[in-house]
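Report on the following structure.
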Amino acid sequence: MSHVRRAAAGALAALALALALARAAAAQLPLEPGGVTQLPAQPGAHWVWVNDFSFFALPDGKAFLVDGDSGKMLGLLSTGYSFDSLVVPRRGGVIYSPETYFSRGTRGTRTDVVTIYDTVHLAALGEVKIPPKRASMMAMMAGQVLTDDERFLLIYNYTPAQSVTVVDTRARKFVGEIDTAGCALVYPTGPRSFFSLCGDGSLLVVTLNEQGRAASRTRTKELFDGLKDPLTEKGVRAGDTWLFASFEGALHPLKITRGGGIEAQPTWALFSAAELAQHWRTGGLQHLALHAASGRLYAIVHRGGPETHKDPGADVWVWDLASRRKVQQISARNKVASIQVTQDAKPLLFGCSFESNRLDVYDVASGRYLRSVEGLGITPGLLVTP
Amino acid sequence: MRNPVDGLMERWARDMARRVSRRRFLGSVGALLFGAATLPLLPVARGETPRPAAGGATDPGDPQTCEYWRHCAIDGFLCSCCGGSVQSCPPGTEASAVTWVGTCHNPGDGHDYIVSYNDCCGKTECGRCLCNRNEDDKPLYMPFKSNDYNWCVGSKVGIAYHCSTARIVGVAK
């Protein structure tokens, strides 16, 4: 090869390289501005809050927002020590979160607050300081609830004296404390009333005045035997009736009467005699769920017999409340301790367990497993649909 | 099967709930706790033949396992795995003053014992040997039979829960 030909070949190669670099420069990704994602003003029909009580690291409670359709995590709230659950009002816009903090993580001054978050930015809008008494316990939906008109937030206290803290959500102020000695948790029964479950099998029915202070406190007669066959405290509400399952599978309907009173209706059996003999029982942390429009009750069940009332289950059975008949059985892909059902016409069933940090998603109509969402905290507990 | 102590406690609790106001009840409990502080709580079996150490013939099993007989109603991290023992808290923690109790059958001597599950408090979770058994466990509205409360509520150091002990405080039969 002559010098001239070699020089020409070198020039061609240099030209090709320059063209390739130019093409690459033209195809490069544009520079990007930073930013913070916002959520839509209206929650999706298949969204769910997965509340992590974080039992291996109690100071670090959190709540994950997940879209059940895509399986995507949408955001997170950081919610302090011994966290139970967010309280999400129907009217939207804000989220209430009863939280506890220590000034030195696990020691120092204890401060309890209700933090108010906005639903678009998941940012803290403000807080209401409450007495440092909120119950530290396994997460329970009845640990914190709103009155029916969402004016007052009610929080169960255990020090071990029992009481209920009242917060005015409109004024964003602590109102006061209501003594519930001998009775636990909070179950709303109207705009100005609630009841607590008492150790002797009665209920404490409390009505509030317009300021959120106790107007009346009435103890009912004994409605259940807490020693022989206790009601689990994990009830769900179907309109004007609270439904509680007993350890042995009796469903106790407690009907709300006018003025916020309670009338115990006849109990009925979730399990047949044969099923009980085969040791079928309900169990878990949030073991009941309700689809209001169809009047269907969902329960986590397992075969375990007596004293397995907290055991997770690999089956979800479904009852029609009007006919009291079992109408569906859903086999879970993984054992679940908590379930929740969305309230739309094509509902999803969510399930999780504190034994993993995974959320499983099922189609209710077919009972088909759809997907799992992994990595949701440490010990996910209560499921709340916004 | 119900044992006589449960029956006695039930009658006592129901009777107390009917008769006694909260203030008076708390006053009585306060007096009891003051008494307990003045006269340190002694094992019920004190004065009898000393009990062999855990794991001996009359106290069979490994306190670092969930299956150990005293853990029949426990819910939490076993202090035996956390630098403490079945009856004492790990260094630097404080034992809760109030707690829940269970009745557990000791296969070593055939007796049923009342076991007090005092929580140890003031540090973050130990995180070792998590154990949840629910023999005779009751819901949260029967607090002193419920293992779902954080019993560090009764301690001076606040509610930071570390682990749970399983101390014998009585013989049921």
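Numbers restart at 1 for each chain; the letters A, B, ... are given by sequence-line order, proteins then strands. Because only heavy atoms are used, hydrogens play no part in the values below, and waters and symmetry mates are left out as well, while side chains stay in. Computed from a predicted model, the values in this text were never measured in an experiment.
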Test of ring centre spacing under 6.0 Å for A:Y81 and B:Y161: no
Separation between CE of A:M137 and CG of B:D148, rounded to the nearest 0.5 Å: 9.0 Å
Closest approach of A:A184 to B:L140 (non-hydrogen atoms, all atoms of both residues): CB-O, 3.8 Å
Under 4.5 Å from a heavy atom of chain B, the part of A:L58 involved: both
Reported NE2-to-OG1 distance for the pair B:H162 and A:T106, which is rounded to 0.5 angstrom: 10.5 Å
Approximate separation, where rounding is to 0.5 Å, of A:T232 OG1 and B:K138 NZ: 13.5 Å
Toward chain B, the part of A:T308 with a non-hydrogen atom under 4.5 Å: neither
A:F102 versus chain B, the contacting section by heavy-atom distance below 4.5 Å: side chain
A:Y158 and B:W151 aromatic ring geometry - parallel, tilted or perpendicular at 30°/60° bounds: perpendicular
Pair A:R110-B:I159, side chain to side chain contact (heavy atoms under 4.5 Å, CB included): steps then yes or no: CA-CA 9 Å; A:R110 174 179 170 179; B:I159 56 166; 3.6 Å; yes
Smallest separation among heavy atoms of A:L197 and B:Y141, with atom names: O-CB, 3.2 Å
A:R107 vs B:V157 side-chain heavy atoms within contact, under 4.5 Å: no
Note, B:K145 side chain near A:P230 side chain (heavy atom, < 4.5 Å): no
Residue part contacting chain B, namely of A:C198, when any heavy atom lies under 4.5 Å: backbone
Side chains of B:L130 and A:F56 in contact at under 4.5 Å (non-hydrogen atoms): yes
Residue A:K62 excluded, over 12 heavy atoms near NZ under 6.0 Å: yes
Heavy-atom pair with the smallest gap, counting every atom of B:Y149 and A:Q162: OH-NE2, 4.1 Å
Atom CZ of B:R128: over 12 foreign heavy atoms under 6.0 Å: no
Working for side chain to side chain contact (heavy atoms under 4.5 Å, CB included), residues A:D200 and B:M142: CA-CA 8 Å; A:D200 64 357; B:M142 301 178 71; over 6 Å; no
A:R213 atom CZ, over 12 foreign heavy atoms within 6.0 Å: no
Distance, nearest 0.5 Å, that separates CD of A:E307 from CG of B:D136: 6.0 Å
A:E233 side chain vs B:P139 backbone, donor-acceptor pair below 3.5 Å: no
Distance (rounded to the nearest 0.5 Å) between B:D137 CG and A:F247 CZ: 6.0 Å
Heavy-atom proximity to chain A below 4.5 Å, by part of B:F77: side chain
Gap between atom CZ of B:R133 and atom NZ of A:K310 - 0.5 Å precision: 13.0 Å
